[in-house]
Amino acid sequence: MQSSKQTQKVDSASEGFREAALFTITAIIAGFAVEWLTAGSGITIPRWPVNFLFLAVLAVSVAIVGLTLRKHPLVAWLGGIPVGLSLIVGLALLSFIGGVLPQDPAHPGTLVATLRLNGMFSSWPFAFVTLLFLFNLGLSFLWKVVPFRVANLQFMLFHGGFWIALSCGLLGSSDLQRLIIPLNEGQESSIAYEMPSERPIQLPYSIYLKDFQIDEYVPQFALYDPATDQVLEEKSKMVPEVRKGARAVWPGVATATVLEFMPDALPDKDGNPVPSKAHKGVPFARVRAEADGQPPVERWISGGGPEIKPQFLPVGSYFIVIAPGAPKAFRSHVMISGTDSERRVAVLEVNKPVDFRGWKLYQMGYDEKAGRWSTMSLVEAVNDPWLPAVYLGFFMIMAGNLLYFWKGVKKMEAA
Amino acid sequence: MTLVEFPAIAKAAIACWGAGSLLQIPARKSKPASLVSWLLMIGGTSLLVWFLVAYWITLERPPLRTLGETRLWYATLIPVVGFLVEYRWKIGWLKYYCMGLAAFFLGINIASPDVFQKALMPALQSPWFIPHVVVYLVAYVLLAASSVAGWHNVWLKFRDKSSAVSESMSHYLALLGFVLLTFGLVFGALWAKEAWGHYWTWDPKETWAFISWLAYLGYLHLVARKTKGTVLQWYLGLAFLVLLVCWFGVNYLPSAQNSVHTYSGAS
């Protein structure tokens, strides 16, 4: 009795899976065939309004097919779990290829380029599988919405949110603009560059860079071995920070103590440091060091800068050196001017983008060779008109997820 | 608290777990032995919690930046899952696997210590940093436990000793893990928009996070389709391998050359 029940369970579970797997494999092969025939040209998603029209046609098709042919075995199968699961596996496999192989330009004519394995997420197989998945997901969503039942809310939010985020994220990617604006201190610019083509684009606003600043972590000092071109590990396994009174011990080799520390200083004509304005000088430290079995030595050392030579302290066959602190924060003080008289003073900083007329402006980078003395700032301007739709999808997924968690906990308690 | 003290604390935690586990043998018949056993096991984890807090204070940033730091969290949290499972389902064996896994990860950290570094690159200085990483870590911990439970259930089935309670436990661990995995993924996307300008760029780590998410989404659909238990336990056992690639393996893949998630160097 039990065995017949078990057989029934297995049968109902595997029902439709073979056809669904064949369906997905066919879509993938068809996609690769298109790539093969077009030498790996990939899919170019049309821009507004064609992408929107496509999305509308897809949504309406799902609605018509789902509502009028719901009882049809083929449609029921198309919106069922076996097809959904096979397409999930298909998406995972294609993503696996995209997650293993570098998604960079490849030599034309190679198998990777011809099948577009180096551009998996804009390839025809990925597009076919995603499209079929959206159809499947759309049908399953629709059948939970009509007839409406509050008990299905979690399903609707999760599946509906995923449909919106996936479709709008992929179809809207063609309208996404990510432009780089190089700015120099004391200058205004309204020219941005599209990457990687470096095509210049006139912006509907201009940005004046008043000041660019970098904050750094406290500099560190280390014992450098020129013979091996490496720094020795300190007793505490830390790279010691340069602070007045800081002491470092390299067991069996040397000890060092920071006697004085000037975070911003410039050397006078004798090479002795004189405190300067913040961000204008370099860190100087007076260090006393002692190599094992040798008399102590003492002098000012610095990490140097564009016009200041670095200074070291020789200790036996080693040197005590100052390494500048890693960048802690960098920011651009800017004034943004619209085509009319609108002007806005803003500070652009990493993780703190500024919105201006539908664009998000990001602090992106600076002249890394000049480091903290950089007078150039790279700003990224991003315009993504589909973002609100994608975020709606994200928040629906999270709401559905919360309900799922709640239901799961309830079931778990009952189990 | 720095990494100098770490090996001693990690070894002490492992010793506590080991001694506590051994005491579980007499604990079946003796209440005092049971009490001491639990004090030791919980004490081992408490040592790590104490180290994490003290290390966080010394670092002046959340210890969530390097792979070694994530292993430390993992080693701290996974035995907690084992203890909670015993409390909730009265299933005792999971905690041994969990403590074993935690000891293994501590062992990796002892063998290849991190460099103590306070610097946190500007992109990581975000309110999203802690929720994104912590939610992911707890998800990984739960899914690792579900995977271990899956393997154990396969073994039980092999010996004809299947347990419905044990299968139900691995399912709920996976379910909770999936919920947190989803939050981690969406939090990551929202953070990426604020820090890097776009919510999704198919960076290898993102791609693997998506694959892992799809793997568990597949599992939940198999459950919805009432697939038989053995298949599900095998699935849970194997699915964690995908997460491991996402967590550690991505760094070694050809695709990782330009990833922002390789956790190497100071930047």
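Letters go in sequence order (proteins before strands), and every chain restarts at 1. This is a predicted model, so every value here is computed, not measured.
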Select, from B:G218, B:G197, B:A224, the one with the greatest count of heavy-atom pairs under 4.5 Å involving chain A. B:G197

When the 4.5 angstrom heavy-atom criterion is applied to B:H171 and chain A, the contacting part is neither

If you draw a 6.0 Å radius around CZ in A:F96, do more than 12 non-hydrogen atoms from other residues or ligands fall strictly inside? no

Let's test your reading of the structure: which of A:I397, A:N118, A:L361, A:L387 forms the most heavy-atom pairs below 4.5 Å with chain B? A:L387

Contact part of A:L93 toward chain B, heavy-atom cut-off under 4.5 Å: side chain, backbone, both or neither? neither

Pair count under 4.5 Å, heavy atoms only, with chain B: among A:F121, A:F330, A:Y391, highest is A:F121

Atom group of B:W213 that falls short of 4.5 Å from chain A, counting heavy atoms: side chain

More than 12 foreign heavy atoms under 6.0 Å from CZ of A:F155: is that the case here? yes

Between A:I88, A:V382, A:V218, the one whose heavy-atom pairs under 4.5 Å with chain B are most numerous: A:I88

Do the side chains of B:R61 and B:E69 get close enough for a salt bridge, i.e. N-O under 4.0 angstrom? yes

So for B:L181, is it side chain, backbone, both, or neither that comes closer than 4.5 Å to the heavy atoms of chain A? neither

Contact origin within A:V390 toward chain B - heavy atom pairs under 4.5 Å: side chain

So, B:Y140 versus B:Y136, ring centres under 6.0 angstrom or not? yes

Pick from A:G84, A:P353, A:P327: which one has the most heavy-atom pairs with chain B under 4.5 Å? A:P353

Looking at A:R178, A:E241, A:E380, which has the largest count of heavy-atom pairs under 4.5 Å with chain B? A:R178

Assess the side chains of A:S122 and A:R116: does a donor N or O sit below 3.5 Å from an acceptor N or O? yes

Decide salt bridge (Lys or Arg N to Asp or Glu O under 4.0 Å) for A:D215 and A:R331; before the verdict, give the C-alpha distance in whole Å, the side-chain angles of both, and the deciding distance to 0.1 Å. CA-CA 9 Å; A:D215 297 340; A:R331 66 186 77 82; 2.6 Å; yes

Basic-acidic side-chain contact under 4.0 Å: A:K360, B:E194: yes

Just checking A:F158 against A:Y404, ring centres under 6.0 Å apart? no

Whatever's closer than 4.5 Å to a heavy atom in chain B on A:L402 counts as both

From the list B:L253, B:L222, B:L175, the residue making the most non-hydrogen contacts under 4.5 Å with chain A is B:L175

Side chain / backbone / both / neither for B:F210 at chain A, heavy atoms under 4.5 Å: side chain

Check each atom of A:F405 against the heavy atoms of chain B and say whether the ones under 4.5 Å are side chain, backbone, both or neither. both

B:L190, part contacting chain A, at a heavy-atom distance under 4.5 Å: both

For residues A:F141 and A:W163, establish whether the separation of their ring centroids is below 6.0 Å. no

Could you check whether atom NZ of B:K90 has more than 12 heavy atoms from other residues, nucleotides or ligands sitting under 6.0 Å from it? yes

Sort out for me which of B:L185, B:T182, B:L217 touches chain A most, counting heavy-atom pairs under 4.5 Å. B:T182

Pick one of side chain, backbone, both or neither for A:I81, based on which atoms fall under 4.5 Å of a heavy atom in chain B. side chain

Name the member of B:Y199, B:W200, B:F178 that forms the most heavy-atom pairs with chain A at distances under 4.5 Å. B:Y199

Verify whether the ring centers belonging to A:F162 and A:F133 lie closer than 6.0 Å. yes

Between B:P122 and A:K328, is there a side-chain heavy-atom distance shorter than 4.5 Å? no

Check each atom of A:N401 against the heavy atoms of chain B and say whether the ones under 4.5 Å are side chain, backbone, both or neither. both

